[in-house]
Every structure is written in C-alpha cells, then in structure tokens.
Protein chains: 2
Amino acid sequence: MGITKTQIFDQQQNELAQFFKILGHPARIAILQYISKQNTCICNDLVEEIGLAQATISQHLKELKSIGLLKGEIEGKSMCYCIDIDRWTALQKNLNSFFNTTKKNCC
Amino acid sequence: MGITKTQIFDQQQNELAQFFKILGHPARIAILQYISKQNTCICNDLVEEIGLAQATISQHLKELKSIGLLKGEIEGKSMCYCIDIDRWTALQKNLNSFFNTTKKNCC
DNA sequence: TTTTGTTATCGTAATATTGCGATATTATAA
DNA sequence: TTATAATATCGCAATATTACGATAACAAAA
C-alpha cells in the first residue's frame with residue numbers, strides 16, 4: 001500500500017491537492033518569498049539564502065516549475081527563475097473558489 | 001536524510017507549509033467537500049462516499065483536525081465532524097495574504 | 001450485562017519525499 | 001580549445017506518508 005488512490009477522486013480534487021502538496025514545504029514557501037523580493041533570481045543566491053544544498057534547491061525549483069508557478073529563463077550562464085504571475089493569480093483564484101464553495105457549517 | 005529541515009525556516013513559513021501539506025491530499029479535499037454538502041457528518045458515510053477503508057478515513061480526519069479545520073462532536077454513538085468556520089476563514093485569509101504579498105514579478 | 005454499531009488506534013507493508021554528494025550539462029570567459 | 005561557473009540530474013540513505021486489517025474503546029440498545 002502507501003500509494004495514493006488518485007483514481008477514486010476526480011480531476012479537480014487531484015489537481016487541487018497537487019497544488020496544495022507542492023506548496024506544502026517550507027523550503028518552497030521560502031523560495032517563492034525570496035524570489036518575489038528580488039528583481040532577478042539566481043539559484044546560487046538561493047543556496048546561500050535558504051541554506052540547503054544546491055541539488056536540493058534545484059529539485060524544489062523543479063517541483064514549483066511542474067505546477068507552472070515558476071518559469072525559468074536562461075540569462076547568461078545562470079538561470080533567472082521568476083514567478084509566473086498569470087499562473088499565480090489563476091491558482092489563487094482556484095484556491096479561493098475551493099474555500100468559498102466548501103464552507104457551509106453543519107452542527 | 002529525508003527529514004525536512006524545519007529549523008532553518010521561520011514559524012510563519014513552517015505553519016503555512018503545514019496547512020498546505022494537510023490540504024495536499026485528494027482524500028482530504030474530498031472529505032471537506034463532502035462534509036460541506038451535508039448537514040451532519042458521520043464517518044461511516046465517508047467510508048462509503050470516499051471509497052477508502054475506515055481506518056484510513058479516520059486517519060485523514062485526524063489530520064484535518066490537527067490544523068483545526070474540523071471539529072468533532074460526539075453525537076449518540078457516532079461522531080459529527082464539522083468544518084470549523086472561524087478556522088476555515090482564518091486559514092483562507094492567511095493563504096490569501098501569502099498570495100498577495102508574494103507575487104511581484106521580475107523578468 | 002451482553003450485544004451491536006461506530007470511531008480510534010496499532011502494527012505493518014508499500015510507496016513517496018527529502019536531502020545531499022557526485023557527476024553531467026551547458027554557456028561564457030580566458 | 002580549455003578552464004570556469006551555474007544549474008540539472010543520478011543514485012542513494014533516511015524519514016514520512018498512505019493504506020489497511022486487526023483490534024481496542026466506547027456508547028446505546030437489547
């Protein structure tokens with residue numbers, strides 16, 4: 001066992017859970033917060049700023065990219081990772097929609 | 001390794017990540033959605049509705065309770081699990097605050 | 001008191017995540 | 001071309017999560 005039974009849930013539930021899951025790590029929260037403070041972002045900065053190994057940071061960036069929250073552009077010999085505003089806003093809207101439609105009380 | 005280095009992040013980052021993490025499972029999303037549709041909630045219903053074993057559902061409920069999203073009241077010989085509206089609203093506000101303060105673009 | 005129904009907890013197996021060193025890749029600089 | 005610097009990927013070890021059967025706990029009904 002141990003495998004999440006995604007097949008018994010619908011696409012909306014799986015997608016929503018996936019977004020939440022990716023955001024559910026303090027390093028990834030910290031990365032997003034740090035990037036949003038900068039005008040440009042280089043991974044190397046993050047290694048010093050966050051305090052995790054370069055390989056680990058790279059992995060977290062990859063996951064944030066996987067849900068479209070970050071987009072990376074090659075800039076010289078380093079990478080410029082940026083928050084994708086359109087995606088960011090869409091995600092926020094999505095989450096709020098979940099919160100607003102799922103809150104009726106019962107007892 | 002494999003242990004998340006919570007000590008290198010601040011409380012706000014860890015808490016936020018914890019909320020996201022708990023919401024990051026389709027079964028827990030489905031549970032919240034189902035509860036919000038009902039007027040009362042009994043765990044037994046959930047087992048049939050969601051399609052996971054009773055022990056598994058109970059575990060997911062426990063996690064949702066751990067961040068205060070659900071409160072359970074004993075009602076006869078079954079449990080009435082409800083969404084805690086105050087907590088729910090506070091959490092939504094919290095997440096929106098994160099989204100609003102963390103979105104400046106760079107490139 | 002005994003039975004019955006409901007939920008919680010324990011123990012365990014399967015899988016996923018986290019983190020890092022080592023190494024590959026890629027682009028500029030020398 | 002050969003360094004050099006930045007980022008990505010691989011492989012692995014440690015830990016966490018997911019799921020479930022078995023069983024405990026507990027309250028109402030018989």
Side-chain angles (χ1 to χ4, degrees), chain A residues 1-9 13-14 17-31 35 38 40-67 70-82 107, chain B residues 1-9 13-14 17-31 35 38 40-67 70-82 107:
Chain A
M1 297 121 209
I3 185 166
T4 298
K5 294 187 161 180
T6 51
Q7 73 280 4
I8 68 174
F9 305 105
Q13 292 167 332
N14 282 313
Q18 182 63 14
F19 290 145
F20 279 127
K21 192 175 188 178
I22 297 283
L23 291 172
H25 193 289
R28 294 193 284 267
I29 296 289
I31 286 171
I35 291 183
Q38 308 307 114
T40 49
C41 172
I42 303 164
C43 178
N44 220 14
D45 285 354
L46 283 170
V47 173
E48 289 186 9
E49 176 68 21
I50 310 282
L52 291 170
Q54 184 268 323
T56 309
I57 295 289
S58 184
Q59 212 173 261
H60 284 306
L61 288 170
K62 191 180 173 184
E63 290 179 81
L64 288 168
K65 244 194 326 189
S66 79
I67 54 168
L70 288 186
K71 54 182 177 188
E73 284 176 29
I74 298 164
E75 191 169 279
K77 61 182 162 191
S78 55
M79 264 317 252
C80 175
Y81 270 112
C82 309
C107 20
Chain B
M1 295 119 208
I3 186 168
T4 299
K5 294 187 158 178
T6 51
Q7 74 280 4
I8 67 174
F9 305 105
Q13 290 167 332
N14 281 314
Q18 182 64 12
F19 290 146
F20 279 126
K21 193 175 187 177
I22 298 283
L23 291 172
H25 193 288
R28 294 193 284 268
I29 297 289
I31 286 171
I35 290 182
Q38 308 306 115
T40 49
C41 172
I42 304 164
C43 177
N44 220 13
D45 285 354
L46 282 170
V47 173
E48 289 186 9
E49 177 68 22
I50 310 281
L52 291 170
Q54 184 269 325
T56 309
I57 295 289
S58 185
Q59 213 173 264
H60 283 306
L61 288 170
K62 191 180 174 186
E63 290 179 81
L64 287 168
K65 244 194 327 190
S66 80
I67 55 169
L70 287 187
K71 55 182 176 187
E73 285 175 28
I74 298 165
E75 191 169 280
K77 62 182 160 190
S78 55
M79 264 319 248
C80 175
Y81 270 112
C82 311
C107 23

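Each chain gets a letter, A, B and so on, in the order the sequences are listed, and its residues count up from 1.
- With rounding to whole Å, Ile3(B) atom CD1 is found 9 Å from dA14(D) atom C1'.
- Residue contacts for Ile57(B): at a heavy-atom cut-off of 4.0 Å it reaches no nucleic acid atom on any strand shown.
- Closest contact between the side chain of His60(B) and the listed nucleotides dA8(D), dT7(C), dA19(D) involves dA19(D).
- By the side-chain hydrogen bond (donor to acceptor under 3.5 Å, both in side chains) test, Lys5(B) pairs with no residue at all, sequence neighbours left out.
- When each of Ile42(B) and Gln59(B) is assigned the nucleotide of DNA chain C bearing its nearest heavy atom, the one mapping closer to the 5' terminus is Ile42(B).
- Contact between the side-chain N/O atoms of Lys21(B) and the OP1/OP2 oxygens of dT17(C) is not found at any separation under 4.0 Å.
- Looking at every heavy atom in both residues, Leu23(B) comes nearest to Ile29(B) through O-CD1, 3.4 Å.
- One finds a side-chain N or O of Tyr81(B) lying less than 4.0 angstrom from the OP1 or OP2 phosphate oxygen of dA8(C).
- Residue Asn44(B) places its side chain closer to dT7(C) than to any other of dT7(C), dA8(C), dT15(D).
- Note: CE (Met79(A)) to C1' (dT25(C)) measures 13 Å, nearest angstrom.
- Leu46(B) has its CG atom 17 Å from the C1' atom of dC20(D), to the nearest Å.
- Which of dT18(D), dG19(C), dT9(C) sits closest to the side chain of Leu52(A) comes down to dG19(C).
- Distances shown here put a side-chain N or O of His25(B) below 4.0 Å from the OP1 or OP2 atom of dA19(D).
- Spacing between atom CG of Asp45(A) and atom P of dA5(D) amounts to 16 Å, rounded to whole angstrom units.
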Letter per nucleotide, 5' to 3', of nucleotides 21-30 of chain D [B base touched, S only sugar-phosphate touched, - untouched; heavy atoms, 4.0 Å]: BB----S---
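- Whole-Å rounding puts the Ile8(B) CD1 to dG19(C) P distance at 7 Å.
- One atom, CG of Leu70(B), and another, P of dT7(C), lie 14 Å apart when rounded to the nearest Å.
- Set against dA8(C), dG19(C), dC20(D), the side chain of Lys5(A) has dC20(D) as its closest nucleotide.
- Put simply, NZ on Lys71(A) is 18 Å from P on dT7(D), counting in whole angstrom units.
- Contact annotation for Ser78(A): backbone-only contact, meaning every heavy-atom pair under 4.0 Å involves sugar-phosphate atoms and none involves a base.
- Taking atom CD1 on Ile50(A) and atom P on dT18(C), their separation rounds to 14 Å, with Å as the unit.
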Hey, can you pull the donor-acceptor pairs under 3.5 Å for the side chains in residues 48-64 of chain B, sequence neighbours left out?
from	atom 1	to	atom 2	distance (Å)
His60(B)	ND1	Arg28(B)	NH1	2.9
Glu63(B)	OE2	Arg28(B)	NH1	3.3

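- Among all heavy-atom pairs drawn from Cys41(B) and Tyr81(B), the shortest one is CB-O, 3.1 Å.
- A tilted orientation is assigned to the rings of Phe20(A) and Phe20(B), their planes being inclined by 30° to 60°.
- Summarising the geometry of Ala17(A) relative to Pro26(B), their closest heavy-atom pair is CB-N, 3.3 Å, with the distance given to 0.1 Å.
- Residues Met79(A) and Ile42(A) form no side-chain contact, since every pair of their non-hydrogen atoms from C-beta on lies 4.5 Å or further apart.
- Within a 6.0 Å sphere centred on CD1 of Ile8(B), other residues, nucleotides and ligands contribute more than 12 heavy atoms.
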